[in-house]
There are 2 protein chains.
Amino acid sequence: MASEIKSDKVNMKALAKVLNVSIATVSKALRDSHDIGPETKLRVIEEARKLNYVPNPYASSLRKKASNTIAIIIPEIADSFFSQAINGIESVVAIKKYHTLIYLTHDSYEREAYMFGELASGRVDGVIMSVASNTEDTKHIKTLQDSGIPIVFFDRVFDDIKSVKITTDDFNSAYTATNHLLDAGCKNISLITIKGYPSILSAREEGYQQALAEKGIHPRESSVVTCSNKYNNENVEVIKEHLAKVKPDGIIATVEHLATSTYLACDEMKLNIPKDVKVACFTNQITAPILNPPLTTILQPAYDMGKQAAQLLFDHLSGRYVETNKEIVLPSKLVVRASTAFN
Amino acid sequence: MASEIKSDKVNMKALAKVLNVSIATVSKALRDSHDIGPETKLRVIEEARKLNYVPNPYASSLRKKASNTIAIIIPEIADSFFSQAINGIESVVAIKKYHTLIYLTHDSYEREAYMFGELASGRVDGVIMSVASNTEDTKHIKTLQDSGIPIVFFDRVFDDIKSVKITTDDFNSAYTATNHLLDAGCKNISLITIKGYPSILSAREEGYQQALAEKGIHPRESSVVTCSNKYNNENVEVIKEHLAKVKPDGIIATVEHLATSTYLACDEMKLNIPKDVKVACFTNQITAPILNPPLTTILQPAYDMGKQAAQLLFDHLSGRYVETNKEIVLPSKLVVRASTAFN
DNA sequence: CTAATTTAGTTAAACGTTTAAGCAAATAAA
DNA sequence: TTTATTTGCTTAAACGTTTAACTAAATTAG
């Protein structure tokens with residue numbers, strides 16, 4: 001019964017009263033100020049523990065004008081890349097004893113812009129983000145930056161925004177993957193991608209084009225297939241159609257969920273991977289080695305990207321100097337498996 | 001240049017001044033109070049928009065004693081189940097224009113308890129959680145509940161906590177899956193699981209035992225393999241050892257990442273799935289149909305669980321009556337694929 | 001021994017909202 | 001016409017911290 005009485009929230013005032021000191025003394029004692037004598041400090045800390053005192057974060061944030069909170073803004077959370085990146089971010093945030101707000105844009109510019117509005121006025125001290133694929137206008141981002149909130153971008157970044165950016169070498173890994181397919185004997189490689197503005201996509205496409213160009217191959221425009229960025233059956237149909245029409249002998253898929261769509265499409269078209277068509281995909285899924293056949297992947301350092309993004313953000317927050325336009329490029333790794341085996 | 005001058009934060013005071021009204025008028029106008037005349041309201045709203053005014057959330061929270069924020073506390077984010085659940089939660093939170101703090105316990109009781117401490121004093125209005133697998137003591141949870149913050153549990157719940165809970169029918173789905181394996185001709189089925197206290201694990205094990213018992217099979221204790229809850233190579237070794245020693249002809253894996261470990265172990269032991277051993281796993285991974293062989297899964301309604309959890313939490317927050325001990329059980333679905341094909 | 005400094009506190013203002021209470025003018029009721 | 005009510009606004013307190021400025025007592029310096 002007693003435990004059901006919603007006990008009055010214990011705050012500094014209550015603590016001060018029972019300890020017979022001023023509120024300021026309590027506050028300072030808890031923050032280990034030099035102003036307070038050692039035995040008073042102890043008394044305060046003891047009592048605070050005893051009464052289970054937890055400072056009100058919002059009062060504190062309001063007064064200090066610091067929230068000890070950051071925001072992660074990402075398109076979605078349904079794939080391994082972002083999951084791992086979040087883990088990397090969290091590994092740093094947890095140590096700093098910060099809090100993490102998470103926002104999903106679902107790749108919509110409107111939502112992204114709305115969320116940025118919400119973050120003004122000090123809700124967070126900093127932002128880590130990967131932009132929505134249909135974001136073209138960057139005014140909302142610049143506005144928040146101008147208000148003094150540091151933003152670190154990872155993976156999906158914008159060229160025309162001046163900020164700290166963590167990316168992988170998308171151009172190079174697409175280039176390497178394409179060459180790998182060429183070496184495996186492919187003559188007619190298609191790129192399966194999604195439409196969107198972040199430079200990550202164009203970089204991957206350019207790496208692909210460059211590798212082909214160097215071999216004197218000029219891919220028809222029809223070799224690039226644009227899918228929807230939702231995981232759905234429609235993509236399987238689009239890919240099947242492409243397989244029927246263009247008859248590629250190699251495929252590079254630029255985002256994670258396209259691996260499943262591509263495999264299903266090949267299966268339905270009775271095409272054998274890797275005999276009829278070889279497949280490589282940008283993905284971090286742990287099931288890659290147990291797929292049928294095991295999938296050659298371009299593995300991004302998702303965890304490290306998140307971790308470094310968070311570290312740089314905290315460097316900035318702690319006043320340490322961070323070059324405002326720093327760009328860190330972490331290497332992706334081509335993990336060769338059976339899906340691109342030489343016939 | 002001009003844009004680089006960090007303009008003073010516009011607050012109600014500033015708005016009031018330029019509009020030549022009191023701060024209270026601004027506040028009420030923006031909250032559409034009946035106290036304010038229509039044309040004044042319009043003036044205020046216009047000016048607020050013009051100056052890009054965003055209310056300080058912490059001042060507001062402090063005064064209103066409501067944060068418009070919830071917390072999601074989950075063990076990890078590295079698998080599809082929790083990713084999808086988060087999406088479900090987010091789908092509701094976004095509509096309510098709430099904010100979401102996310103905390104990862106990494107299945108550690110200590111972290112979980114620490115995080116609960118942080119949530120006292122009004123940081124959040126409510127919590128949605130899935131408990132850490134090594135949490136045994138539930139005092140931290142009860143303390144937060146007693147302080148009046150509603151907590152909705154999903155998936156990994158505790159029997160001895162009185163609260164709203166969303167689960168799947170773990171007992172039944174394990175029971176069904178086991179019977180499915182029996183029907184496929186298995187005589188010696190092993191359960192690969194992780195150690196932990198949440199009832200979800202014991203329910204799955206009991207469903208498995210029950211199915212066997214009904215067929216007059218009394219599994220040796222050695223038929224239950226306990227793995228670590230980290231995705232690592234060690235688990236593959238543990239499973240290989242088990243395969244060598246017990247030689248099961250059927251396997252049920254109780255958590256997502258054990259699918260990969262099991263497939264790899266079978267592969268290394270040169271065991272063919274499904275010929276030598278049939279495998280079914282509790283998992284939501286989209287790659288299940290393209291595995292080698294396609295994996296029979298017990299698919300949990302992760303998105304819906306998250307969505308319902310959030311809806312019930314908001315029902316509670318909006319004062320609508322919610323049975324304090326409501327338990328919602330959503331059905332999982334056995335999706336039969338080649339990994340359990342009859343020989 | 002007095003003056004300067006240090007120690008250990010206190011008081012009160014401030015952070016940016018919300019809201020109860022109050023009030024004058026306008027309108028409605030008696 | 002007088003009184004009651006409504007309208008539209010203002011004043012001021014409150015939410016729970018943090019911190020600048022102050023003070024009295026104790027210590028140190030000269």
Side-chain angles (χ1 to χ4, degrees), chain A residues 7-45 47-48 51-69 118-125 147-148, chain B residues 7-45 47-48 51-69 118-125 147-148:
Chain A
S7 59
D8 280 314
K9 277 282 183 314
V10 30
N11 52 21
M12 287 196 166
K13 199 169 168 184
L15 267 180
K17 195 172 200 172
V18 41
L19 286 164
N20 210 32
V21 294
S22 75
I23 294 179
T25 301
V26 175
S27 174
K28 290 179 178 177
L30 293 175
R31 333 194 80 237
D32 203 23
S33 156
H34 281 300
D35 275 5
I36 308 299
E39 63 287 349
T40 309
K41 254 181 208 171
L42 228 71
R43 279 209 312 140
V44 173
I45 291 167
E47 192 68 22
L51 297 189
N52 237 307
Y53 168 70
V54 179
N56 180 303
Y58 297 141
S60 179
S61 291
L62 176 60
R63 180 57 228 245
K64 291 200 296 183
K65 289 175 165 301
S67 62
N68 280 15
T69 303
E118 290 286 298
L119 295 186
S121 273
R123 190 183 289 274
V124 297
D125 299 340
S147 82
Chain B
S7 58
D8 280 313
K9 278 281 187 311
V10 29
N11 53 21
M12 286 194 166
K13 202 169 165 185
L15 266 180
K17 195 173 201 175
V18 40
L19 287 163
N20 210 32
V21 294
S22 75
I23 294 179
T25 302
V26 174
S27 175
K28 290 179 177 176
L30 293 175
R31 335 193 80 239
D32 204 22
S33 155
H34 281 302
D35 274 6
I36 308 298
E39 64 288 348
T40 310
K41 253 182 210 171
L42 227 71
R43 279 209 312 140
V44 173
I45 290 167
E47 192 68 21
L51 298 188
N52 237 307
Y53 168 71
V54 180
N56 181 302
Y58 297 142
S60 178
S61 291
L62 176 60
R63 177 60 227 248
K64 290 199 298 184
K65 289 174 165 301
S67 62
N68 279 19
T69 303
E118 289 286 300
L119 295 187
S121 273
R123 190 182 290 274
V124 297
D125 299 339
S147 82

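Residue numbering restarts at 1 for every chain, and letters A, B, ... go by the order of the sequence lines. Hydrogens, waters and symmetry mates play no part in the numbers below; they use all other heavy atoms, side chains included.
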Inset, instruction - Mark yes or no for whether Arg43(B), through its side chain, and Leu19(B), through its backbone, hold a donor-acceptor pair below 3.5 Å. - result: yes
Legend entry - Any Leu30(A) side-chain heavy atom under 4.5 Å of Ile45(A) side chain: yes
Inset, instruction - Report which part of the nucleic acid Ser121(A) touches: base, sugar-phosphate, or nothing (heavy-atom distance under 4.0 Å, all strands). - result: nothing
Legend entry - Beyond-backbone contact of Ser121(B) with Pro55(A), side-chain heavy atoms, under 4.5 angstrom: no
Inset, instruction - Compare every heavy atom of Ile36(A) with every heavy atom of Thr40(A), then report the nearest pair and how far apart it is. - result: CB-CG2, 3.8 Å
Inset, instruction - Check whether any side-chain heavy atom of Asn56(B) sits under 4.5 Å from a side-chain heavy atom of Asn11(B), and report yes or no. - result: no
Inset, instruction - Would you classify Lys13(A) as touching base, sugar-phosphate or nothing, given that sugar-phosphate means primed atoms plus P, OP1 and OP2, and contacts are heavy atoms under 4.0 Å? - result: nothing
Inset, instruction - To the nearest Å, give me how far apart CG (Leu19(A)) and P (dG9(C)) are. - result: 11 Å
Legend entry - Contact check, side chains of Arg123(A) and Thr69(A), non-hydrogen atoms, under 4.5 Å: no
Inset, instruction - Determine the contact category for Asn11(A): base if any of its heavy atoms lies under 4.0 Å from a base atom, sugar-phosphate if only primed atoms, P, OP1 or OP2 are that close, otherwise nothing. - result: sugar-phosphate
Legend entry - Sidechain-backbone polar pair: Asp125(B) side chain, Ala66(B) backbone, donor-acceptor under 3.5 Å: no
Inset, instruction - Name the nucleic acid region contacted by Ser61(B), choosing base, sugar-phosphate or nothing; use a 4.0 angstrom heavy-atom cut-off, strictly under. - result: nothing
Legend entry - For atom NZ of Lys41(A) and atom P of dA8(C), their distance in whole Å: 9 Å
Inset, instruction - Round to the nearest Å and state the distance from Leu62(B) atom CG to dT19(C) atom P. - result: 12 Å
Inset, instruction - Provide, to the nearest angstrom, the distance between the CZ atom belonging to Arg63(A) and the P atom belonging to dA12(C). - result: 16 Å
Inset, instruction - Classify the nucleic acid contact of Ser22(B) as base, sugar-phosphate or nothing, counting any heavy atom under 4.0 Å across all strands shown. - result: base
Inset, instruction - Tell me which of Val26(B) and Ala59(A) sits closer to the 5' end of DNA chain D, going by the nucleotide each one is nearest to. - result: Val26(B)
Inset, instruction - Just call it for Asn56(A): base, sugar-phosphate, or nothing, with non-hydrogen atoms closer than 4.0 Å on any strand. - result: sugar-phosphate
Inset, instruction - Tell me, please, the opening and closing nucleotides of DNA chain D, 5' to 3', among those with an atom under 4.0 angstrom from a non-hydrogen atom of chain B. - result: dG8(D) to dG16(D)
